Novice: 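Okay, here's the structure, questions in a sec.
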Amino acid sequence: MLTLNLPVMTGVFAAERLLFTPATPDNDAIPTIFGFPNEYSVGITSLGYQVVWATLAMRCDVQVSRLFTDTQEQLPRNPELVGFSVSWELDYVNILNLLESLEIPTRAAARSDNHPLVFGGGPVLTANPEPFADFFDVILLGDGENLLPNFIEAYKEVRQADRQTQLKRLAQVPGIYVPSLYVVEYHNADGLIKSIQPVNEAIPCRVEKQTYRGNTLSASTVVTEKAAWENIYMVEVVRSCPEMCRFCLASYLTLPFRTASLEDSLIPAIERGLAVTNRLGLLGASVTQHPEFQTLLEYLSQPKYDDVRLSIASVRTNTVTVQLAETLAKRDTRSLTIAIESGSERLRQIINKKLHNDEIVQAAINAKAGGLTGLKLYGMAGIPGEEPEDLDATVAMMRSLKRAAPGLRLTLGCSTFVPKAHTPFQWFGVNREAEKRLKKLDKELRREGINFRPESYNWSVMQALISRGDRRLSYLLELTRHYGDSLGSYRRAFKELRGQVPELDYYVHANWSLEQVLPWSHLAGPLPVETLQKHLATAQSLMPA
């Protein structure tokens, strides 16, 4: 096996300040490559990638080398395991490029006993691995805290065995998905899925996503000036979200809502990080809903942390207090981010967004009173059940914010609704009118002097395609890899594969039947499908007839 012709940029790795002690590998340690399919500055900013790499590096039975698209550590000549952390759908192109550069066949079916096992994990693969399933030997579904050690221990048991024996053993580990051991049948080549079954009775019928239930959550294992967020130290304050908005992958896929222990996890982690940097990031889908967030805020308000630059992930709107704004303003933060989804009370009820317009207005008033200069709001267009008057309600709400907090810089970022696996809205397609609705919001808000930042509608279409894709898409992804990552490239590939895969509209725009077999039906999320359907029925009861 040849190694990549990438430079080993010693300056990049030399700039790292490690917050863990790597183990000295044993003589017979498993030679492993752990890659991030993007540039170093992006990959090293991923908390998930950092934590998995450190977990492997602290084991004396693993010798791990890192690989990025622009640099690498010294790679083993004959790795046994090659892994990737996947955080963005279109990074699959880089995975295929890196595998080819390592002289590893891109399709798992073409690999022999002489090739390493290729494994993957991360939010993209945990949500729906099927479009990428043919490229991986092994996929880790869920939280890595227990899953990763169990994977390594099981592999050690069959390390000297042939490939098929290894895969069958690994498939017995909860949360480890071996795609080649499941057969997908279709009603016809470009039709619905008929069934997804294991190859024999020894393989589990369903693979259950693994959930870590402890109260010690993740924190950065490395700080570097070469990261996309320069010198930032990240601490996970909460995991999942208790709000359960019916479209939200970050909530449903990661349930239950967990909080880091203030005394045993958060404060020790923060003290560890601030010993090497003065930039702190608090992460989580709903950081301010930590039950002791107020105490954490008071802890960070101590004079000894006066020089700390504090950034915080999106916060729940009704937790934006003047004190929070003051603390952030003193810590070099200029704006806050809140997710409102829509200015329509009716639409927020449909999606289970427990939020009222007066709370949004109060958040803006408090942000300004506390010394912040900007407020960023996130919304969506094309939400199931949305009517044109709901867009008018969003414009009216933004107008009321401008009146309530004059001088506060308002920004509305807006995406198109995209269906996500394991959520109650997974059966809905993308609204065909969403692009027009984004343009309407842009026109109306521009007239009000409010900054509007729409996400690309075409990107939303591509995201929906992958979000609801099945294994047949692997052939399409291979084609678009060479055509380019535009929507036109995907349409060209669909045309070339006509009769072999369903149409683009089936994956993206169609509302799916509750009775049909979903691409991920054999992969169990936190909630049973019956519970998701109950949430869906509640939402539909609130929609126009």
Side-chain angles (χ1 to χ4, degrees), residues 1-6 8 25 28-40 43-44 46 48-57 59 61-87 91-122 124-126 129 132-141 144 147-156 158-164 166-167 169-171 173 176-180 474 477 481:
M1 178 177 297
L2 298 178
T3 55
L4 282 164
N5 294 317
L6 289 176
V8 179
D28 63 344
I30 303 164
T32 301
I33 296 172
F34 186 51
F36 191 92
N38 210 307
E39 296 177 354
Y40 172 86
I44 207 64
S46 164
Y49 180 81
Q50 284 189 26
V51 170
V52 173
W53 160 61
T55 300
L56 294 172
R59 296 181 65 111
D61 55 358
V62 175
Q63 182 168 6
V64 61
S65 301
R66 288 176 291 166
L67 171 65
F68 304 91
T69 58
D70 59 346
T71 189
Q72 65 184 48
E73 293 180 312
Q74 190 65 46
L75 302 181
R77 291 191 61 81
N78 295 295
E80 295 179 31
L81 299 174
V82 174
F84 294 96
S85 178
V86 189
S87 299
D91 274 349
Y92 83 88
V93 172
N94 295 326
I95 294 175
L96 301 186
N97 291 342
L98 291 170
L99 288 175
E100 285 182 345
S101 299
L102 292 166
E103 295 190 348
I104 300 171
T106 55
R107 285 189 167 268
R111 296 175 197 141
S112 69
D113 288 355
N114 296 322
H115 293 113
L117 291 181
V118 177
F119 72 94
V124 169
L125 295 179
T126 295
F132 316 102
D134 288 345
F135 306 136
F136 288 93
D137 296 299
V138 171
I139 294 173
L140 310 184
L141 302 178
L147 192 50
L148 193 65
N150 292 344
F151 168 54
I152 297 297
E153 291 302 323
Y155 173 73
K156 285 164 63 177
V158 288
R159 187 177 178 187
Q160 305 305 322
D162 63 86
R163 193 178 200 83
Q164 278 306 303
Q166 291 176 342
L167 293 176
R169 171 65 186 95
L170 290 170
V173 179
I176 291 189
Y177 174 42
V178 180
S180 63
S474 66
L477 295 178
R481 172 190 174 200

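Both backbone and side-chain heavy atoms feed into the values below; hydrogens, waters and symmetry mates do not. Sequential numbering from 1 along the given sequence is applied to the chain's residues. Model, not experiment: these values are computed from the prediction.
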Novice: Would you check, one step at a time, whether the test side-chain contact (heavy atoms from CB on, under 4.5 Å) holds for Phe135 with Ile95?
Specialist: CA-CA 9 Å; Phe135 306 136; Ile95 294 175; 5.7 Å; no

Novice: Could you give the distance from OG (Ser85) to CH2 (Trp53), rounded to the nearest 0.5 Å?
Specialist: 13.5 Å

Novice: Identify which one of Tyr49, Phe68, Phe84 satisfies the ring-ring contact (aromatic ring centres under 6.0 Å, His included) criterion when paired with Phe34.
Specialist: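 So, applying the ring-ring contact (aromatic ring centres under 6.0 Å, His included) to Phe34 and each of Tyr49, Phe68, Phe84, only Tyr49 qualifies.
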
Novice: Test salt bridge (Lys or Arg N to Asp or Glu O under 4.0 Å) on Arg481 and Glu100 and set out the steps.
Specialist: CA-CA 13 Å; Arg481 172 190 174 200; Glu100 285 182 345; 2.7 Å; yes

Novice: Could you check Leu117, Leu67, Ile30, Ile33 and say which one makes a side-chain contact (heavy atoms from CB on, under 4.5 Å) with Pro79?
Specialist: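 Of all the options given, the one that passes is Ile33.
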
Novice: Can Arg59 and Glu153 be counted as an ion pair, charged N to O under 4.0 angstrom?
Specialist: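 Between Glu153 and Arg59 there is a salt bridge, with a charged N closer than 4.0 Å to a carboxylate O.
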
Novice: Roughly how far, to the nearest 0.5 Å, is the OG atom of Ser112 from the CG atom of Asp162?
Specialist: 11.5 Å

Novice: With sequence neighbours left out, write down each residue that passes side chain to side chain contact (heavy atoms under 4.5 Å, CB included) with Gln63, or none if nothing qualifies.
Specialist: Pro25, Ala29

Novice: List the residues meeting side chain to side chain contact (heavy atoms under 4.5 Å, CB included) with Leu147, not counting sequence neighbours, and say none if there are none.
Specialist: Leu140, Ile176, Gln210

Novice: Between Ser474 and Arg107, do the side chains contain a donor N or O and an acceptor N or O under 3.5 Å apart?
Specialist: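 There is such a pair between these side chains.
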
Novice: Only one of Phe151, Tyr177, Phe132, Tyr155 passes ring-ring contact (aromatic ring centres under 6.0 Å, His included) with Phe119; say which it is.
Specialist: Phe151

Novice: Check Arg163 with Asp113, please: is the shortest side-chain N to carboxylate O separation under 4.0 Å?
Specialist: no

Novice: Does Arg111 have any salt bridge (Lys or Arg N to Asp or Glu O under 4.0 Å) partners at least two apart in sequence or in another chain, and if so, which?
Specialist: Asp137

